[in-house]
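What follows is a set of notes on a single structure, which appears directly below.
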Amino acid sequence: IDFDRHYGRAVVMFGVPFLPPTDEPLRQRMHWMEHCLGISETEYRNFDAIRQASQCIGRVLRNKTDYGMMLL
């Protein structure tokens, strides 16, 4: 679905989109990042959730002439 022009002027986000900690691929990725790169599980999960929230908010603004409302 493409909400261009006046169809996508607002984003409402309830909470921060944390991935479930029981997801096996996520657990393996966090284990690798902690042992190989020294990035803690909490640090990675926080970064990933904020990244997903930023992408969601960015859907409102597509170019420099766009405008919209973002409610968090």
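In this structure, Phe47 places its CZ atom where only 12 or fewer heavy-atom neighbours from other residues, nucleotides or ligands lie under 6.0 Å away.
Contact record, Asn46 with Phe18: OD1-CE2, 3.4 Å, taken as the closest heavy-atom pair. Nearest heavy atoms, Pro17 versus Gln52: O-OE1, 3.6 Å.
In summary, Arg51 and Asp48 engage in a salt bridge, as defined by a charged side-chain N under 4.0 Å from a carboxylate O.
Annotation: side chain to side chain contact (heavy atoms under 4.5 Å, CB included) contacts of Pro20 (sequence neighbours excluded): Thr22, Asp23.
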Decide side-chain contact (heavy atoms from CB on, under 4.5 Å) for Arg27 and His31; before the verdict, give the C-alpha distance in whole Å, the side-chain angles of both, and the deciding distance to 0.1 Å.
CA-CA 6 Å; Arg27 291 171 51 90; His31 178 74; over 6 Å; no
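By the criterion of side-chain heavy atoms lying less than 4.5 angstrom apart, applied directly or through intervening Ile, Leu, Val, Met, Phe, Trp or Tyr residues, Leu37 is grouped together with Leu26 in one hydrophobic cluster.
Between atom CZ of residue Arg45 and atom CD1 of residue Ile39 there is a gap of 15.0 Å, rounded to the nearest 0.5 Å.
Met30 has its side chain out of reach of Pro21: every pair of non-hydrogen atoms, C-beta onward, lies at least 4.5 Å apart. In this structure, the side chains of Glu34 and Tyr44 stay at 4.5 Å or more apart for every pair of heavy atoms.
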